[in-house]
K.L.:
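One structure is given below, represented as structure tokens, and several questions about it will come after.
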Amino acid sequence: MMFDLLPLYIDPGTGSMLFSLFIGVAAALSFGLRAAYLKLKFILSGGKVQKDNDSKSIPYVIFSDHKRYWNVFKPICDEFEKRQINLVFYTASSDDPALKTPYKYVKTEFLGENNKPFARLNFLHADILLATTPGLGVYQWKRSKNVKYYVHIPHSVSDLTGYRMFGLDHYDAVLATGVSQEKHMRDIEELRPSIAKKEFVVAGSSYLDEMRNRLESSVESKTGDDKKIVLVAPSWGKSSILSKFGEKFLQALRNTGFNIIVRPHPQSVVSEQNILKPLEEKFSDFTWNYDNDNFVVLKKADIMITDFSGVMFDYALVFDKPFIYADTHFDKSPYDVDWLKDSLWEIENLPKFGIKLEEEQFPIMHDIITKAMNSEELQNGRNEIRNLCWHCRGSASKNVVDYMVKKRNELLSVKNGDAEGVK
């Protein structure tokens, strides 16, 4: 009897579960072998108890799941280097700028792509681990029993419940950019009594500090073109501008006569080529920007149009320029905020420092853009929002390293019976 051979296919969700199962089995085997080894060591030593030490434990670790977060971590790595404190920086990008940065005290290492970094991190020995990556303890990335403390640092001043479901549940602490990030995080904790309350510390924003410093030291460049530049900087997914309005939206922009730059979200480049490619071909007269560093394009633009992307804060707060947000009817369902009656903090406050664009207003987009560029009301709103979500301006990297050193000393003091911690 002959049988048709069907191609083997494993969907991403099943693949993630299988990977988690593999990690669980590997972890159990690892800890089982370690227990057997310690028991044998106990017998061979004549029954004498020998204290296990943390000689394998790395004092401070940073993990970056993508090179685009180097703008968050570089000022922090620089601060570690300045203080001559040893730090290990792990990255999941083979071309991460960190790998080519000449440090003496900061050791950088590429862990591999896809699931490889998590396979290493799940067995990591470290005292403090700092990361922007949500989803710890949810899918592939499990909490290692040999990491004492997991600290999340946001890569934006946006609402923390804008992460996918359970994004921060298993972190021990959050180093927030401002007080605006606490309320909804605490609301989620109240709704999930099984998770521990996280330590919440306002440290500031290292990447906004760095961007502001860069802006203040940059030189104005003249292009010789008096046309205003409109930057389109969408998020990604089915609620984003390009997914929802696509060609209709871009055609309305073309009709304004302004110079247009479209900067797709990095995840769109990975997941939404079926949307981007046709649009880029049809609107080849636009500039399509894919730079890893967004500084130059943000500085160049006179106004930005976005949806619910966190880049609106970078643009408004650092460059102090107006933006327009398209009404895409944000779908809460994939995100933690879906557990709440509220919407995302930034969506609730958008009218204070941005102008809403409805689909039926596309024909008068030129007038809306002109109004936004000359609005004193939006200027006042930017000042108000800046004071809510961007605290400790200019000292974020110092605050982050201070916190990590202090927290490690506390952890070591508890472990050693209130003995003095070490740097």
Side-chain angles (χ1 to χ4, degrees), residues 19 58-126 128-136 139-142 144 147 150-156 158 163 167 171 175 177 203 205-211 213-214 233 235-236 263-271 273 289-298 309-311 314 396-397 400-401 404:
F19 182 78
I58 304 169
Y60 306 103
V61 173
I62 289 177
F63 169 61
S64 176
D65 63 75
H66 197 279
K67 64 182 180 181
R68 64 178 173 266
Y69 300 124
W70 182 233
N71 62 353
V72 175
F73 293 124
K74 182 183 184 300
I76 299 169
C77 289
D78 290 347
E79 185 69 17
F80 270 99
E81 184 74 10
K82 176 183 172 184
R83 300 190 194 190
Q84 301 182 8
I85 302 175
N86 291 322
L87 168 73
V88 174
F89 182 93
Y90 290 135
T91 177
S93 293
S94 59
D95 56 348
D96 195 311
L99 299 170
K100 294 183 178 180
T101 305
Y103 287 124
K104 180 178 179 181
Y105 296 93
V106 179
K107 176 189 174 185
T108 60
E109 183 179 346
F110 170 54
L111 293 185
E113 297 173 345
N114 301 318
N115 289 325
K116 289 181 180 178
F118 303 114
R120 277 281 296 275
L121 294 172
N122 291 349
F123 297 99
L124 183 67
H125 286 66
I128 306 284
L129 186 146
L130 180 75
T132 62
T133 312
L136 172 66
Y139 292 114
Q140 295 98 325
W141 188 15
K142 306 301 180 185
S144 169
V147 173
Y150 286 89
V151 182
H152 178 78
I153 182 168
H155 62 264
S156 169
S158 303
Y163 290 130
Y171 273 95
L175 298 184
T177 64
S205 174
S206 58
Y207 83 93
L208 287 183
D209 286 351
E210 188 78 356
M211 191 176 284
N213 292 339
R214 191 174 171 185
S235 186
W236 69 284
R263 179 179 168 81
H265 190 280
Q267 189 59 42
S268 289
V269 179
V270 176
S271 308
Q273 280 297 321
N289 180 274
Y290 295 99
D291 295 344
N292 183 56
D293 183 358
N294 65 6
F295 178 84
V296 173
V297 73
L298 291 179
S309 173
V311 74
D314 306 357
S397 56
V400 169
V401 177
M404 292 174 71

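Values below: every heavy atom of this structure, side chains too, minus hydrogens, waters and symmetry copies.
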K.L.:
Are any of the side-chain heavy atoms of H66 and T133 separated by less than 4.5 Å?
P.N.:
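In short, these two side chains do not touch, never coming nearer than 4.5 Å.
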K.L.:
Which distance, rounded to the nearest 0.5 Å, do you find between the NE2 of H265 and the CH2 of W236?
P.N.:
8.0 Å
K.L.:
Applying side chain to side chain donor-acceptor pair (under 3.5 Å) between K67 and each of D95, D96, N292, report the one that passes.
P.N.:
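The single option meeting the side chain to side chain donor-acceptor pair (under 3.5 Å) with K67 is D95.
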K.L.:
Considering all heavy atoms of both residues, which atom of L121 and which atom of Y90 are nearest to each other, and what is their separation?
P.N.:
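In this case the closest contact between L121 and Y90 is CD2-CD1, 4.2 Å.
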K.L.:
Give, for atom CG of L111 and atom CG of L124, the distance between the pair rounded to the nearest 0.5 Å.
P.N.:
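The CG atom of L111 sits 9.0 Å away from the CG atom of L124.
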K.L.:
Between the side chain of N122 and the main-chain N/O of K142, is any donor-acceptor distance below 3.5 Å?
P.N.:
yes
K.L.:
Check whether any side-chain heavy atom of Y103 sits under 4.5 Å from a side-chain heavy atom of F80, and report yes or no.
P.N.:
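Sidechains of F80 and Y103: no contact.
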K.L.:
Do D78 and K82 meet the salt-bridge criterion of a basic N to acidic O distance under 4.0 Å?
P.N.:
no
K.L.:
With F89, which of Y60, F110, Y105, W70 fulfils ring pair (Phe, Tyr, Trp, His ring centres under 6.0 Å)?
P.N.:
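It is W70; the other options fail the test.
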K.L.:
Using a 4.5 Å cut-off on heavy atoms from C-beta on, say whether the side chain of V400 contacts that of M404.
P.N.:
yes
K.L.:
What is the distance from atom OG of S64 to atom NZ of K74, rounded to the nearest 0.5 Å?
P.N.:
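Those atoms lie 14.0 Å apart.
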K.L.:
Do the non-hydrogen side-chain atoms of S93 and Y69 ever get within less than 4.5 Å of each other?
P.N.:
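The answer is no, as the side chains (C-beta and beyond) never meet within the 4.5 Å cut-off.
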K.L.:
Should T177 and L208 count as side-chain neighbours, where that means a heavy-atom distance under 4.5 Å?
P.N.:
no
K.L.:
Between Y150 and S144, is there a donor-acceptor pair closer than 3.5 Å when you use the side chain of the first and the backbone of the second?
P.N.:
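Answer holds: yes.
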K.L.:
Mind checking whether T91 and L99 have side chains closer than 4.5 Å, heavy atoms only?
P.N.:
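Sidechains of L99 and T91: in contact.
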K.L.:
Are any non-hydrogen side-chain atoms of I76 and L87 less than 4.5 angstrom apart?
P.N.:
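Side-chain contact under 4.5 Å: no.
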K.L.:
To check you understand the geometry: which heavy-atom pair defines the closest contact between A233 and V311, and what is its length?
P.N.:
CB-CG1, 3.8 Å
K.L.:
Are the charged groups of E210 and R214 less than 4.0 angstrom apart, N to O?
P.N.:
no
K.L.:
With rounding to the nearest 0.5 Å, note down the distance linking OH in Y139 to CG in N115.
P.N.:
13.5 Å
K.L.:
Does I62 reach the side chain of C77, with side-chain heavy atoms less than 4.5 Å apart?
P.N.:
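I62 vs C77: side chains touch.
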K.L.:
Do the side chain of D65 and the main chain of P134 share a donor and acceptor less than 3.5 angstrom apart?
P.N.:
no
K.L.:
Measure across V72 and S206 and return the closest heavy-atom pair with its distance rounded to 0.1 Å.
P.N.:
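What the structure gives for the nearest pair is O-OG, 2.7 Å.
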K.L.:
Can you give me the closest heavy-atom contact between W141 and A131, atom names plus distance?
P.N.:
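Between these two residues, the closest heavy atoms are CH2-CB, 3.8 Å.
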